[in-house]
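Everything below concerns the one structure shown next.
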Amino acid sequence: MTSEPFPRVAVDPGDSDDELRRKASTVRPTPRQVAWQRQELVAFVHFGINTFTGLECGSGTDDLSLFDPVELDCGQWARSLADAGFRSVILTAKHHDGFCLWPSRYTAHSVAATPWRAGRGDVVRELAEAARAVGLGLGVYLSPADLHQTHAADGCYGNGSPAVETVIPTLVPGDDRAARVESGELPSFTYVVDDYNRYYLNQLYELLTEHGPVGEVWLDGADPTATKQHYDHDTWFSMVRALAPDATCAVGGPDVRWVGNESGYARYSEWSVVPMRDEPSEFGHTTAVAEEEHDLAGPAAMRRAGHFAWYPAEVDVSIRPGWFHHASQDTAVKSLPRLMDLYRHSVGRNAVLLLNVPPDRRGRFADPDLARLTEFGRVLREAYGVDLAADAHTGEDVPDSVLVELPQPRTFNVVGLSEDIRHGQLVESFAVDVWLSGAWERVATGTTVGHKRLVSLPRPLTSHRLRVRVLASRGAVRPDVSLMLDPTVPAPVVHDSFAAARDSRGISSDDAPGIADLGGTGVSLSAQALAAAGIVPGGPVAHGGLEFRWPDTAPGEPDNVRADGQTITMSGSGSRIGFLLLGTADRSFGPGLATYTDGSRQEIPLLALDTLGEGDYPAGAHTIVSMPYHNRPDGRADRPARVGWCAAPLDPARTLESITLPRYGEGTNPEEPGVHVFAVTLG
Ligand code: FUL
């Protein structure tokens, strides 16, 4: 097997916190990870039989005669993505249903069995060519879970077959590659694998050898099969390394980490140096100790590590509620401010943004998505393509600080910081000071930097001097500084109190039983769940040593605050802050910020579980009650209602001035992740 050292450093059980930080400072990315990170924007394209059935997840026995994208135009996808600033595009060559967008030799369940182009089409090839023509890289999503192979009579997913010596590619009768394999022009690999791993490897082989260079292989972690099938991950990765040495293996792979949510937001402190479990396999393939947790790489997670690895975050999110195109969602394409917000909180938090734009049944991007992509690209170029500090003189006035002197005053509202990640990720915290009215004023503080940190200011400032102070770091580091003016940075919404912050945004009414309503009265989700927990409006509820008072609202008046970035005045001191909350869709975590009266800030994570599926709350949050919620007109319950609480430590020596809630979603659609906060308390 081909192998290369994975950028990782072993941890010893007795390592002190300082030793852990020192070891973490020595972890470096591979060149392929550096190249991957520098792309910043990668597009996702979900397209397949689901586009025609209207489903998000097909059954594997879907009617393939429906697949007929008569106007398929991969050129339109590629051009619009490249124009918007995306550097590569990842196509769902095979989603969980098992339908292949290329005519695979190993299954009949592919484009070859559809009426499209009389069964002679190949979407992967068309996209590969279109992408190459405009300089976009190509990635492939090949779902490990395969419902067709689970359900078809001759399917091999989880069939209990023995692992036997196997040559990849496994030639089929009349295989057009036979001569090239024989001559060695096409490489062969010998592995010991079962039927499904053979199937998967052969398909990977087709994708990696027939469609030009592949830059990213995306292995989705979701598994709707309810069938046990072992994946020979190391074998897959070793073959990817041999056939596509520059390709990153993402999500469950050794190179790129799933950020832990599908809402579009990276963590406030998004480390690329990540504490990993146990000993790595040959490809460093273990999981992060806290992959889906908010504290991914802080001191607590570091103490649980077997080793540290360079494992940078990719933030996958769709431009619309679904991953696949549904005409009914044409009006729910994310707004420009929302996309810009996602950009600042993914790329601007040391991650790569993987934005999904799903083509419609014609095989083209729909007009609303196209228009939004164009706008997004234009605003990105105008706001972030111009560094207002490009002609600045940068120097050091005191150690660990970067002084930026501009030739004349400039107006900016975003400060960009960047570490050269080839030398690792070192900054742990920083402060930004701006020279205003003859004195330094601290305008922002933050934690990690990494490849890029975008710090939005509450309002545009005009100055000719700025200073970035590295307050804590794992080694000597001077981040690069850039200045931008982004017209989409929202003015802060500030409320005097929790009660004043309640409004009806994101709260649907009890008259709409088809969606999860959160009105807090009558039959609503929260009312049902809270009643089950014995919590009544106006009444107190103690949890985790904190006492919450459920807001006593008038009938019909909203009883909760949507976590969407608003700032709420919360005066007082305490050693903990607690939240009573409820998630709507998708597992959501997000950093809120506590601001103390002395101007210092501290991250306060809010965590809420997906209401769509069962699962554990991420560490630090707990369910108070989970019960079936009858949210369908026919009384069907397909979502549990969960009210939970989470708490975060505060500095008791300081006085809290306000809290800023995280941004999760717009709340206009029930499929958008969201979090509703019912009560906040200090303890
Ligand atoms: C998830 C899948 O189940 C969704 O359909 C989608 O492909 C998303 C990117 O990953 O795990």
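Counting starts at 1 for both ligands and their atoms, following the listed order.
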Ligand-side contact atoms (ligand 1) for residue partner His46, heavy atom cut-off under 4.0 Å: 6 (C), 7 (O), 9 (C)
For ligand 1, find out whether one of its N or O atoms is nearer than 3.5 Å to an N or O atom of Asp220. yes
For ligand 1 and Glu56, I'd like to know whether there is a polar contact (N/O to N/O, distance under 3.5 Å). no
Just need the protein heavy atom nearest to atom 3 (O) of ligand 1, so name the residue and atom and give the distance. His96 NE2, 2.8 Å
Yes or no: does Phe324 have any heavy atom under 4.0 Å from an atom of ligand 1? no
Could you tabulate the donor-acceptor pairs under 3.5 Å formed by side-chain atoms of residues 124-137, not counting sequence neighbours?
from, atom 1, to, atom 2, distance (Å)
Glu126, OE1, Arg117, NH1, 3.4
Glu126, OE2, Arg117, NH1, 2.0

Evaluate the criterion salt bridge (Lys or Arg N to Asp or Glu O under 4.0 Å) for residue pair Asp195 and Arg198; output intermediate values, then yes/no. CA-CA 5 Å; Asp195 290 354; Arg198 179 181 314 114; 3.0 Å; yes
Can you name the atoms of ligand 1, numbered from 1 with element, that are less than 4.0 Å from a heavy atom of Ala222? 3 (O), 11 (O)
N or O contact, His95 vs ligand 1, cut-off under 3.5 Å: yes
List every atom of ligand 1 that sits less than 4.0 Å from any heavy atom of Phe44, numbering the atoms from 1 in the order shown and giving each element. 9 (C)
Is the Lys NZ or Arg CZ of Arg79 less than 6.0 Å from the centre of Phe365's six-membered ring, within 45° of the axis? no
Residues in side-chain contact (heavy atoms from CB on, under 4.5 Å) contact with Thr374, at least two apart in sequence or another chain: none
Any chance CZ of Arg105 has more than 12 other-residue heavy atoms, nucleotides or ligands included, within less than 6.0 Å? yes
Check: Gln425 side chain, Ser272 main-chain N or O, donor-acceptor pair, under 3.5 Å: yes
The test is side chain to side chain donor-acceptor pair (under 3.5 Å); show your working for Glu206 and Trp102 and say whether it passes. CA-CA 9 Å; Glu206 290 183 319; Trp102 81 105; 2.9 Å; yes
Could an N or O of ligand 1 be found under 3.5 Å from any N or O of Asp316, whether backbone or side chain? no
